[in-house]
Amino acid sequence: MPVERQEKPKRPTAVGLFAGIGGIEIGLEEAGFSTSLLCEIDPAAKLVLEHQFPDVPLHEDVTTLKELPPADLVAAGFPCQDLSQVGRTAGIGGSQSSLVEHVFRLLDEAKRPPRWLLLENVPFMLSLEAGKAMSYLTGELSARGWKWAYRVVDTRAFGLPHRRLRVILLASREADPRPVLFEKSETPVEQEFEPGAWCGFYWTEGLRGLGWAVEAVPTLKGGSALGIPSAPGVWNSATDEIGTPDLRDAERLQGLPADWTLPAVEDPNRRNNPRWRLVGNAVSTPVARWVGERLRCDVEGWDEEPAPLSGSWPKAAWGDETGTFSVEGVTTWPRSEPYTSLSEFLEYELRPLSHRAAAGFYDRTGKGSLRTFVPGFLPAVKAHVEAMAEPQAA
């Protein structure tokens, strides 16, 4: 008697536009999706995608992509350079961020539109130009009959010591995205400084803002306003060591395996290494995995009383053709996974912060108005500057 074989359940499919190094896609695959198409124009990022997704078709330019293949979800972490606080701040009409219009073009021309659309970008777009970018995105979706919802999410909620806030926008013409994104909120946990803690900071600042995080790094960036890759500084308050994390640890801070971006360069010692930029522009994989897991489980309906949005864009909202509504009580932590402190997370040695970088930072702190440094930090920076200057004097 022949053995009766049960068919394996079909995995939902995803298309990745502006795929970068595949942060969204690898997270979705961990949640049970399969990737059917990738689109990315950056040469270094393409090398990573070709190596890490060898069996997935890769299209170079979203502007020349004719149509979307049938898929359950289309993801687009569209360029943030024009929307970022450290970027050009040209707004949604900038040459890079305006490329998101091709996402809507492809949706309009799709023979079988996807069930879900996932967009990702920086939270600064909620306030830049009075939220013009978010108004554009949600207006385009509502005009097409898509119900949408968004939430600002912090990577630390998934146990990684990386304070990275990103807007996650989910939309559908068939389903309700609200229970997917808003189902749960945990209280954000801010680590209190204690002697011996490891702290992350932006050494490129010092006059006004300071990206400061206790037992975490501030947001990894693709580069400074000048386009120069700039890893965050790390201060070990137990030893007063001041350095920058190894690139492999930066990849791990995004939820990726160490050396994920190694295929981006043939010569790892080349001066203009694009890997920091690729890692800084990536999407944290646990965030994408969370969205994918929520999409694949049975979620209950949403019955909250609509609260019409008035004023600026909040950290969470939803809307459709009937209007736009804010959501109260939703935090940036949809989960609270076991947290790994920075001092326990980093596997590779810190690279000493250069004399020039440390001296510039210390000089700016003396000229600026910041007076909120924890005890011992500035003396440690001063000592580091002096120590790094000694070999040069010799």
Side-chain angles (χ1 to χ4, degrees), residues 73-78 80 82-85 89-94 97-98 100-101 103-105 107-108 113-154 157 164-188 287-288 290-291 294-295 297-336:
L73 180 147
V74 169
F78 65 98
C80 68
D82 299 317
L83 304 175
S84 172
Q85 197 167 6
T89 64
I92 192 64
S97 295
S98 64
V100 72
E101 67 185 25
V103 175
F104 297 116
R105 171 183 65 81
L107 291 177
D108 291 341
R115 178 177 176 84
W116 295 102
L117 173 67
L118 172 63
L119 301 178
E120 176 272 347
N121 217 289
V122 295
F124 190 59
M125 74 172 181
L126 298 177
S127 55
L128 178 65
E129 297 182 310
K132 183 178 179 181
M134 184 56 73
S135 297
Y136 167 76
L137 296 175
T138 58
E140 292 293 315
L141 290 168
S142 295
R144 290 167 169 79
W146 290 63
K147 178 175 285 187
W148 55 266
Y150 77 82
R151 177 180 188 170
V152 178
V153 175
D154 191 336
R164 188 180 187 88
L165 298 173
R166 286 296 183 267
V167 174
I168 303 299
L169 189 153
L170 190 64
S172 178
R173 292 199 306 180
E174 308 170 19
D176 190 346
R178 294 174 298 178
V180 177
L181 292 186
F182 303 148
E183 178 263 348
K184 191 175 183 180
S185 281
E186 301 286 349
T187 302
V287 176
W290 162 68
V291 176
R294 294 293 298 155
L295 289 173
C297 69
D298 294 327
V299 295
E300 299 180 359
W302 182 265
D303 57 3
E304 295 284 339
E305 188 69 23
L309 178 66
S310 60
S312 59
W313 288 98
K315 292 182 179 179
W318 67 275
D320 54 24
E321 66 273 8
T322 67
T324 302
F325 309 92
S326 61
V327 181
E328 301 297 330
V330 172
T331 71
T332 58
W333 286 47
R335 288 187 178 175
S336 185

Exercise. Looking at residues at least two apart in the chain, or sitting in another chain, which of them share a side chain to side chain donor-acceptor pair (under 3.5 Å) with R173?
Worked result: none
Seminar exercise, completed: Hits for side chain to side chain donor-acceptor pair (under 3.5 Å) against E174, two or more places apart or cross-chain, chain-then-number order -> R115
Exercise. So, S185 side chain and T331 main chain: donor-acceptor pair closer than 3.5 Å or not?
Worked result: yes
Exercise. Yes or no on side chain to side chain contact (heavy atoms under 4.5 Å, CB included) for L73 and L117, after CA distance, side-chain angles and deciding distance?
Worked result: CA-CA 6 Å; L73 180 147; L117 173 67; over 6 Å; no
Distance-only check: which donor-acceptor pairs under 3.5 Å involve side-chain atoms of residues 303-316, not counting sequence neighbours?
| residue | atom | partner | partner atom | Å |
| --- | --- | --- | --- | --- |
| W313 | NE1 | G131 | O | 3.3 |
| W313 | NE1 | S135 | OG | 3.4 |

Problem set entry | Sub-4.5 Å side-chain heavy-atom contact between V327 and W318 | yes
Exercise. With sequence neighbours left out, which residue pairs that include part of residues 175-186 fulfil the salt bridge (charged side-chain N to carboxylate O under 4.0 Å, His left out) condition?
Worked result: D176-R178, E183-R294, K184-E186
Seminar exercise, completed: For S142, the side chain to side chain donor-acceptor pair (under 3.5 Å) test, sequence neighbours excluded, returns W148
Problem set entry | Non-hydrogen atoms of L181 and I168 that approach each other most closely | CD1-O, 3.7 Å
For this session: Could I get the full list of side chain to side chain donor-acceptor pair (under 3.5 Å) partners for R164, not counting sequence neighbours?
Result: none
Problem set entry | Of all pairs that satisfy salt bridge (charged side-chain N to carboxylate O under 4.0 Å, His left out), the ones with a partner from residues 144-154, not counting sequence neighbours | D108-R144, E140-R144, D154-R156
Problem set entry | Least distance between heavy atoms, W146 atom then P114 atom | CH2-O, 3.6 Å
